[in-house]
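Below, chains carry the letters A, B, ... as their sequence lines are ordered, and counting in each starts from 1.
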There are 4 protein chains.
Amino acid sequence: MSGNSFGTLYRLTSFGESHGKAVGGVIEGVLPGTEIDELFIQAELNRRRPGQSAITTPRDEADQVELLSGVFEGKATGTPIGFVIWNKDQRSKDYGNIKDVYRPSHADYTYQSKYGIRDYRGGGRSSARETIARVVAGAVAKLMLKEYGVTVHAFTSSVGPIQLNKSLAELDLLNAETNIVRCPDDAKAEEMIAYIDQVRRDKDSVGGVITCVIKNTPVGLGEPVFGKLHAELGSAMLSINAVKGFEYGLGFGATHLKGSEHNDEFYMDGDKVRTRTNNSGGIQGGISNGEDIYFNVAFKPIATILKEQSTVTKDGEEVKSTTEGRHDPCVLPRAVPIVEAMAAMVIADYILLNKMYR
Amino acid sequence: MSGNSFGTLYRLTSFGESHGKAVGGVIEGVLPGTEIDELFIQAELNRRRPGQSAITTPRDEADQVELLSGVFEGKATGTPIGFVIWNKDQRSKDYGNIKDVYRPSHADYTYQSKYGIRDYRGGGRSSARETIARVVAGAVAKLMLKEYGVTVHAFTSSVGPIQLNKSLAELDLLNAETNIVRCPDDAKAEEMIAYIDQVRRDKDSVGGVITCVIKNTPVGLGEPVFGKLHAELGSAMLSINAVKGFEYGLGFGATHLKGSEHNDEFYMDGDKVRTRTNNSGGIQGGISNGEDIYFNVAFKPIATILKEQSTVTKDGEEVKSTTEGRHDPCVLPRAVPIVEAMAAMVIADYILLNKMYR
Amino acid sequence: MSGNSFGTLYRLTSFGESHGKAVGGVIEGVLPGTEIDELFIQAELNRRRPGQSAITTPRDEADQVELLSGVFEGKATGTPIGFVIWNKDQRSKDYGNIKDVYRPSHADYTYQSKYGIRDYRGGGRSSARETIARVVAGAVAKLMLKEYGVTVHAFTSSVGPIQLNKSLAELDLLNAETNIVRCPDDAKAEEMIAYIDQVRRDKDSVGGVITCVIKNTPVGLGEPVFGKLHAELGSAMLSINAVKGFEYGLGFGATHLKGSEHNDEFYMDGDKVRTRTNNSGGIQGGISNGEDIYFNVAFKPIATILKEQSTVTKDGEEVKSTTEGRHDPCVLPRAVPIVEAMAAMVIADYILLNKMYR
Amino acid sequence: MSGNSFGTLYRLTSFGESHGKAVGGVIEGVLPGTEIDELFIQAELNRRRPGQSAITTPRDEADQVELLSGVFEGKATGTPIGFVIWNKDQRSKDYGNIKDVYRPSHADYTYQSKYGIRDYRGGGRSSARETIARVVAGAVAKLMLKEYGVTVHAFTSSVGPIQLNKSLAELDLLNAETNIVRCPDDAKAEEMIAYIDQVRRDKDSVGGVITCVIKNTPVGLGEPVFGKLHAELGSAMLSINAVKGFEYGLGFGATHLKGSEHNDEFYMDGDKVRTRTNNSGGIQGGISNGEDIYFNVAFKPIATILKEQSTVTKDGEEVKSTTEGRHDPCVLPRAVPIVEAMAAMVIADYILLNKMYR
């Protein structure tokens, strides 16, 4: 447990601060022979990229990925893929005023307490800029999952009070990419965008929920007891900045049902065992049963707001503070590819782990 | 990632099936010199024990823990503590009829698919009987946490539709142990008990929510990025049988707030940095800030119900099936000590990890 | 790195002190369906058993293994195999006199310094009694390797000055089990036995070398860079009590050769790539090439001798000390099955790791 | 076990091929506040650098390290240190002829068999060029060890038949850096250099032994059973390219002694427990006792020689092959800093692990 690595066989080890030279990482467990489509990886990064729309931060970061190893003639060789993304648009001066002031609900105070020293510029290691490495490793995982036919799609299902109340069956998941808030329902997307825009003008921030659906997973992914597939998915999602909750299948909603309502009865679909309902979210006893895996991830409103707040300094002085700089009023549109990336990494890892039994 | 181990420095490796000879485990990372109070460990096991009240399964399992190593003259020596709990009340004949029938929403099908072989008796390794090992390791963790003044208390905060709608400040957490459903509010407890009793008579099952509060954690627990304290707590809770969701601080509720409402402003309490509100749930940037840590865990209604259900056999035949045997209509009262155990293990592990920086 | 676990996918976590209630462990990664022949496991334990011959310690320990989980109807289910071996013949009074006296070249002083507390009886956790758990896990590994046709044979190749100077090709490895020193050459075996007997009468101890040969390993076992197959074999062997050195292939002897003498030229044996010589010991670039793997393990003379020695007490007093009790004058005959066990575990683990690429 | 990471708390994850864009890595566990002296790191790299003397390869690689994260205002922040060293002097054309020919005693055949694909240029990932990352991580470890007063010094103690037969007490270890073969005895150094030069002219290669001494380690480093300090040192050394053996203390020489000769008697040096002899090499029961730790590492003659050899192609054709390119006739002078680097990493890791008990 270093905190900087995720996964067992398919594994990302990441590094980098918001305002250091670069962020990057090392990806292990990429199956030799996997086609490494760099344009696809870059496209995934672009989905996360700041400044991509009117409702995201105006910071303009190119975030060009550079692969340094592990790929030969376009294919993975099975050796680790090292990569860097150079930090370019660093306006460190924007952060000079927070050198000694702990921003409320940020990691400034806890990092300082833990380490006794910190790179305060832009939040340093606690900045969501580290998620770039996740998106790269997730994109590579998706390339690997292609061979297995597994797809991973996430979308914004609520923003503040505006909720998409439709079942998964009613949605065209691919439609999420056609609008800037990444909600597959166009009408709801418009409402969400308008709401976020209002929040932005109020110098405030807002949270919401991202839903993710994984299709075509083989039966049998997941390790018993402590390595349950949903426990790893939960850990993956909860490790993303600003996430406050995770539920899969019916989640918290399941607590209102009785067993007779919640249980998924089995039937035969040809020679395939299927369930008539999928309240379990595709996972039973911690192991995938072949049905769609789906889960929700709760994001808090991000801590950085442009309003004045009370706080304290490193020296224990109580002060009023106003953050400046450029920030997202709502992190969800850019978090959609991050959720997908983490999900893809978990599935890739568990596919490799499961090969042991073949 | 073996699935059978939890933790990095404070670590449990467990073994055992429901109807095998024994369940047990190996605990590593117990600080040398820790007083190992076996009566306390047994008392914790008794809180989980089946047959403890009218609303739990009538199976009568003594579940006596036997420590085999790592303790000398009443104190931990720093070497691993091996332990066993013998399985006594095994009525394997109760399970003969499920040898070839996949019980709906159980792990029968997924285990069979993954391994090609399984100990079907009582669910084998997928049985919640494995949580005995967690309770033992959690009890030892609690003994270690005593020295740090850390306390861990969980309680039932909802059963089906019956919710305890009180703030933590209004509750006397210790009161939870005075009733059989482990809800700190006596009136609500009575309602919950009546509800569970009705469900039991209906041969059905019901889920609910357990809330856990950790007090007096030092500032600084948690590893950045993938090792965030709440990610590990989430993984710990999601690994418990029947858990469908995890949220900490305001959790999913936080998605309805704006940043200006959700942020926890800092102030000085003497020379101590404190927050005026604690919407963050005691964790910021993945690292404890010294405020109370609190979280909710969603349990589905357990899959075993005594009603007839449709399902399929190992050979692909569709059948009607009725489970017999002795089961809990509601798992929550007995899950309270399991939630506490997992939380105590996480905190113990992160205290050890954090010593690196001292 | 807990110190109590060995392996990644095929993994043993062990516990137990010399004079506690039991030693035991948890084995993970046993392929489901593997036939678990308990008689074979017991037979392996008997090879390690004290009191088995005139040249081993007269302590009479039955060392009966009891499997507690993970086996159903004689086959591994893929869930962890917990096991215990009860400590029976504990004459703790023999060790009362070493409670406060650090025995020279034993772990008494270092354990006391590290932990501040220790179970001094019989060396506690530092006793070679922990190797029982290794032999059990190694026996299970051998059962798993059977399916792959892999065999693991070790033997005593030197005792003090008496060296078996024959090439592997000249030896019938199975012959090692026909004499009590486990040397495949009968004449040398007699010399070794006579030498050990003299050392025993001198109240002294003697070391030696064990050689191990692994046949029929698939090509491709080994992970690049830090996970080289021989690095893991080396770690495995060096972790055995009293081991001071490890070399594979020509080992230290290779330092005297030139590249043109040491290199193993390739040729085609039918459609199989083979090497004409095998100076590499079956491993090239850290990965098995299909030739026999062989290595040597150096054991020091064990520290327990019955002669008077100078030492110090826990309180810093210089004293003369004489150990009593029952000890082996030469650990090698009983270490042969331990070396095999560790080798079998490494190969089993690397076979599982290599499945990722299949 | 990924093969690309080394260590538990102090940990290097490395990436990079000989002829890819770069080699590099991520270092975790650097204590916050550690002074990161980049000139020192570069100086260590220069000790490993090709082309540094008449007896090393004439390839001229600048090998400039670039730190990308984890350092702020000259000090480690406790977050991971990412780094790259760009590959500059890549003459891939030199390797075109080995694309399909397996070089004897190289990793070409085993990599191809394992992965089914490989970057054949310069040996790809199996090239000793990956050791650059080790030297960087080792240099940072040395900076961390400075605070503890621990020093790590290695030197060439034999080259082919030429052996330095002096006790450690007779040697001035610092003198090793005054000659190009890194032997602390000037006369022996001259002999070794002459011998290597002859081997070079013969288009051959030669091996030898490197000895390493670690001074001032605290008492108590090492984890019992599988995590013994010397087992980890052994694993570290055996993972270095071309290493065939490892021994610590008297090593294989101990097998010739009796216990009464080998045991290290304790005495009091003031209030400090010391041993009169140090045959144990500073480690007892796997845990450091405060005496000097010393060990030997055997290097085979490297496989690349400029003489014609018999081998086979990827397609199973037997051919004669002559390697071209620029290579070291003797790897030892450049391996000295690599041995030190791995030793420093192990000690740094075990110091962090041992903090758990403080």
### Query
In terms of heavy-atom pairs under 4.5 Å, which option from C:Val199, C:Asp271, C:Val243 contacts chain D the most?
C:Val243
### Summary
Okay, C:Val273 and chain D: the region with an atom under 4.5 Å from a heavy atom over there is both
### Message
Salt bridge or not between C:Asp204 and C:Lys307? Use side-chain N to carboxylate O under 4.0 Å.
### Response
yes
### Query
Which bit of D:Tyr248 is near chain C, if near means a heavy-atom gap under 4.5 Å: side chain, backbone, both or neither?
both
### Task
Below 4.5 Å from any heavy atom of chain C, which atoms of D:Glu130 appear? Answer side chain, backbone, both or neither.
side chain
### Task
Locate the shortest heavy-atom distance separating D:Arg11 from D:Ser5; write the atom from each residue and the value.
NH1-OG, 4.0 Å
### Query
If every non-hydrogen atom of D:Phe252 is compared with every non-hydrogen atom of C:Gly245, which pair is closest and at what distance?
CE1-C, 3.7 Å
### Most chain C-contacting option - heavy-atom pairs closer than 4.5 Å, from D:Pro161, D:Gly208, D:Ala242
D:Gly208
### Message
Counting only non-hydrogen atoms closer than 4.5 Å, does C:Met342 touch chain D with its backbone (N, CA, C, O), its side chain (CB onward), both, or neither?
### Response
side chain
## Note on the structure
The interface call for D:Asn279 against chain C, heavy-atom contacts under 4.5 Å, is backbone
### Task
Answer with side chain, backbone, both or neither: which region of D:His106 has an atom nearer than 4.5 Å to a non-hydrogen atom of chain C?
backbone
### Heavy-atom contact with chain D under 4.5 Å, split by part of C:Val206
both
## Note on the structure
Counting heavy-atom pairs under 4.5 Å with chain C, the top scorer among D:Gly222, D:Gly207, D:Pro224, D:Gly316 is D:Pro224
### Message
If only side-chain N and O atoms count, and only distance matters, is there a donor-acceptor pair under 3.5 Å linking C:Thr211 with C:Asn296?
### Response
yes
### Task
Below 4.5 Å from any heavy atom of chain D, which atoms of C:Lys258 appear? Answer side chain, backbone, both or neither.
both
## Note on the structure
Closest non-hydrogen contact found for D:Val225 with C:Arg134 is CG1-NH2, 3.6 Å
### Task
Show the numbers, then the answer: is there a side-chain hydrogen bond (donor to acceptor under 3.5 Å, both in side chains) between C:Ser310 and C:Lys320?
CA-CA 5 Å; C:Ser310 295; C:Lys320 296 283 180 187; 2.9 Å; yes
### Message
For C:Tyr357 and D:Tyr115, take the angle between the two ring planes, folded into 0 to 90°, and tell me which bin it lands in: parallel under 30, tilted 30 to 60, perpendicular over 60.
### Response
perpendicular
### Message
Looking at every non-hydrogen atom in both residues, tell me the closest pair between C:Phe266 and D:Pro104 and how far apart they are.
### Response
CE1-CA, 3.9 Å
### Task
Can you spot which of C:Thr13, C:Asp349, C:Val346 makes a side chain to side chain contact (heavy atoms under 4.5 Å, CB included) with C:Phe6?
C:Val346
### Summary
Residues D:Ile305 and D:Ser205: closest non-hydrogen pair is CG2-OG, 3.5 Å
### Query
Is the shortest side-chain N to carboxylate O distance from C:Arg118 to C:Asp108 below 4.0 Å?
yes
### Summary
Honestly, the part of D:Val319 sitting under 4.5 Å from a heavy atom of chain C is neither
### Engaged part of C:Thr131 at the chain D interface, taking heavy atoms whose separation is under 4.5 Å
neither
### Query
Do you know which of D:Lys244, D:Gln284, D:Met356, D:His256 has the most heavy-atom pairs with chain C at a distance under 4.5 angstrom?
D:Lys244
### Summary
Highest number of heavy-atom pairs under 4.5 Å with chain D among C:Ile283, C:Asn289, C:Leu233 belongs to C:Asn289
### Query
What residues form a salt bridge (charged side-chain N to carboxylate O under 4.0 Å, His left out) with D:Lys203, not counting sequence neighbours?
none
## Note on the structure
Looking only at D:Asn263, D:Asn354, D:Thr304, most heavy-atom pairs under 4.5 Å shared with chain C are made by D:Asn263
### Task
Name the region of D:Met237, side chain, backbone, both or neither, that has any atom closer than 4.5 Å to a heavy atom of chain C.
neither
### Query
With a 4.5 angstrom heavy-atom cut-off, which part of D:Gln163 approaches chain C: side chain, backbone, both or neither?
side chain
### Task
Can you see which heavy atom on C:Lys228 is nearest to which on D:Ile240, and at what distance?
NZ-C, 4.5 Å
### Message
Please check this pair: side chain of D:Tyr10 against backbone of D:Ala137, looking for a donor-acceptor N/O pair closer than 3.5 Å.
### Response
yes
### Task
Give, as side chain, backbone, both or neither, the part of C:Thr275 having an atom under 4.5 angstrom from any heavy atom of chain D.
neither
### Residue part contacting chain C, namely of D:Ser126, when any heavy atom lies under 4.5 Å
neither
### Query
Can you say whether D:Phe15 sits under 4.5 Å from chain C via the side chain, the backbone, both, or neither, judging by heavy atoms?
neither
### Summary
Comparing D:Gly290, D:Gly7, D:Ser260, D:Gly160 against chain C, the one with the most heavy-atom pairs below 4.5 Å turns out to be D:Ser260
### Query
Which one of D:Gly234, D:Pro218, D:Ser158, D:Ala254 has the most heavy-atom pairs closer than 4.5 Å to chain C?
D:Ala254
